[in-house]
Amino acid sequence: MNILVLGSGGREHALSWKIAQSPLVEMLYCAPGNGGIGDVATCVELDASDHGAVINFCREMEIDFVVVGPEAPLVAGLVDDLTAEGILAFGPTKGSAQLEGSKGFTKDICAKYNIPTAAYGRFRNADAAKAYVTGQGAPIVVKADGLAAGKGVIIAQTLEEAHAAIDDMFAGSFGDAGTEVVVEEFMTGEEASFFALSDGENTLALATAQDHKAVGEGDTGPNTGGMGAYSPAPVMTDALCDRVMAEIIKPTVKAMADMGHPYKGVFFAGLMITDEGPKLIEYNCRFGDPECQVLMTRMTSDIVPLLIAAAKGELNGKTATWSDDVALTVVMAAKGYPSAYNKGTEISDISAAEKTTGAHVFHAGTKRQDAKLLATGGRVLNVTATGGSVTEAQAKAYKAVDTITWTDGFCRRDIGWRAVAREKA
């Protein structure tokens with residue numbers, strides 16, 4: 001098959017790396033790709049927001065299957081347009097992708113189908129939202145309804161913080177994402193990520209992970225797109241995973257089918273494991289970044305037949321196999337991230353890091369220029385290692401990090417700290 005992956009981040013590098021291992025693949029393209037994806041796929045200049053250009057490329061290069069990495073093209077209906085042209089694509093339709101595109105949409109589904117989640121309110125003006133906050137008290141969670149690159153969530157410890165967050169969102173701090181605001185009950189517990197495939201009717205549980213959103217050690221500082229992750233999540237027992245499928249994933253599949261938007265793609269469920277059990281924080285309609293990197297590292301089965309089965313409605317009876325090892329990834333970011341940072345700084349010694357430690361470095365924001373590797377984004381590298389324990393995988397990943405030469409980069413030094421503490425207890 002000729003396959004096209006759309007996207008340019010670490011998630012797309014991990015997907016391309018895994019897809020390239022499949023014997024079903026003849027030609028693999030990635031658009032636009034990055035400085036590392038070129039090692040496993042042919043990178044092409046193509047804008048995923050230009051649906052006509054994507055369709056023309058698929059026809060010209062005889063693409064059999066398209067894998068859409070990021071959320072924005074899914075929410076914009078790219079899969080709908082590809083399907084209309086007879087091109088098989090992995091990812092939900094525009095109607096289904098509302099699960100990520102609108103937090104309020106998802107909360108309303110939870111309410112209707114009794115899916116466990118935090119109590120909430122939806123608001124289109126600041127005064128009503130503030131009145132709700134005042135009635136509920138703090139701490140409380142304020143979210144921009146739409147896509148905000150993983151950053152449109154404020155956990156307010158005081159009423160003043162909550163009111164300020166509401167004012168900021170309606171003033172446009174998150175652009176169009178903040179034209180509606182969702183205010184939620186603050187849940188206590190341990191967070192985990194759960195992944196499952198759906199073909200519109202059938203489901204297949206994949207794996208679990210835990211990530212670190214805050215930029216600083218000890219989960220301090222502003223939120224980011226994610227500074228690291230590991231899989232599996234120790235908190236997610238088999239019994240909890242069964243509950244997530246029965247109480248959260250399968251009712252959502254039914255809800256979307258009932259609405260006429262059968263969900264075909266991957267569910268990325270952000271969960272809070274509370275004293276009452278798992279509760280849904282939010283859905284993403286694509287693989288997580290950097291969670292995808294640890295999932296692809298642990299997956300031992302061929303991913304291509306599974307993605308195709310989800311797209312075709314043929315998941316029933318399919319299985320996925322996984323390594324028992326832990327995979328852990330450390331995000332190396334440009335100094336200053338998630339605020340202003342420099343671009344174009346040089347990175348070297350990645351091959352040495354991989355050879356001496358056995359780690360794998362996925363590229364998230366790089367380009368090759370004049371035989372040099374340059375940083376082009378905020379999150380730049382995902383240094384990923386495996387081990388028999390989180391402690392072992394963590395040590396290997398940081399050894400690789402310390403072998404890479406990049407004076408303008410930084411990382412958190414405590415990825416996996418909760419799990420490491422658990423292993424030592």
Would you say the side-chain atoms of Arg368 pair up with the backbone N or O of Gly35, donor to acceptor, closer than 3.5 Å? yes
Within the 4.5 Å heavy-atom criterion, are Leu74 and Glu100 side-chain neighbours or not? no
Rounded to the nearest 0.5 Å, what separates atom CZ in Phe410 from atom NZ in Lys335? 10.0 Å
May I ask you to say whether Asp108 pairs ionically with Lys112, meaning some side-chain N is under 4.0 Å from a carboxylate O? no
Are a donor atom and an acceptor atom from the side chains of Ser8 and Asn34 found within less than 3.5 Å of each other? no
Can you name the closest pair of heavy atoms from Ser231 and Thr208 and give their distance? OG-O, 2.6 Å
Residue pair Gln293 / Thr329, side-chain donor-acceptor N/O under 3.5 Å: no
CG of Asp50 to CD1 of Ile55: how many Å apart, nearest 0.5 Å? 9.0 Å
Step-by-step side chain to side chain contact (heavy atoms under 4.5 Å, CB included) determination, Val390 to Leu328: CA-CA 7 Å; Val390 179; Leu328 181 143; 3.9 Å; yes
So do the side chains of Thr386 and Ser323 get within less than 4.5 Å of each other, counting heavy atoms only? no
Distance-only polar pair, side chains of Lys250 and Thr203, donor-acceptor under 3.5 Å: no
Side chains of Asn382 and Thr384: is there a donor and an acceptor less than 3.5 Å apart? no
Could you check whether Glu217 pairs with Arg412 (Lys NZ or Arg NE/NH1/NH2 to Asp/Glu carboxylate O, under 4.0 Å)? no
Main chain of Leu374, side chain of Lys343: is a donor-acceptor contact present, judged purely on distance under 3.5 Å? no
Test side-chain contact (heavy atoms from CB on, under 4.5 Å) applied to His363 and Ile37, Val380, Ile350, the passing residue: Ile350
Side chain to side chain, Val181 and Lys143, heavy atoms closer than 4.5 Å: no
Whether Ser22 side chain and Lys18 backbone form a donor-acceptor pair below 3.5 Å: no
Tell me whether Asn2 contacts the main-chain N or O of Glu62 through its side chain, where contact means a donor paired with an acceptor under 3.5 Å. yes
Going by heavy atoms in the side chains, are Cys292 and Phe268 under 4.5 Å from each other? no
On the 0 to 90° scale, with breaks at 30° and 60°, tag the Trp17-Phe362 ring pair as parallel, tilted or perpendicular. perpendicular
Tyr263 and Thr252: side chain donor to acceptor below 3.5 Å: no
Can you find a pair of side-chain heavy atoms, one from Met259 and one from Ser96, that are under 4.5 Å apart? no
Could you tell me which non-hydrogen atom of Leu78 sits nearest to which non-hydrogen atom of Ala48, and how far apart they are? CD2-O, 4.1 Å
Restricting to non-hydrogen atoms, name the atom on Val54 and the atom on Leu6 that form the minimum distance, rounded to 0.1 Å. CG1-CD1, 4.3 Å
For a 4.5 angstrom cut-off between non-hydrogen side-chain atoms, does Cys58 reach Val66? yes
Judged by atom type as modelled, is there a donor-acceptor pair below 3.5 Å linking the side chain of Asp80 to the main-chain atoms of Lys94? yes
Lys367 atom NZ, over 12 foreign heavy atoms within 6.0 Å: no
Sorted by chain and number, sequence neighbours left out, ring pair (Phe, Tyr, Trp, His ring centres under 6.0 Å) with Phe287 holds for none
Do you know which two heavy atoms are closest between Ala205 and Ala196, and how far apart they sit? CA-CB, 4.0 Å
Would you say the side chain of Pro290 lies within less than 4.5 Å of the side chain of Arg379, judging by non-hydrogen atoms? yes
Could you go through the side chain to side chain contact (heavy atoms under 4.5 Å, CB included) check for Val141 and Tyr120 one step at a time? CA-CA 9 Å; Val141 183; Tyr120 74 103; over 6 Å; no
Regarding Arg418 and Glu190, does a basic nitrogen lie under 4.0 Å from an acidic carboxylate oxygen? no
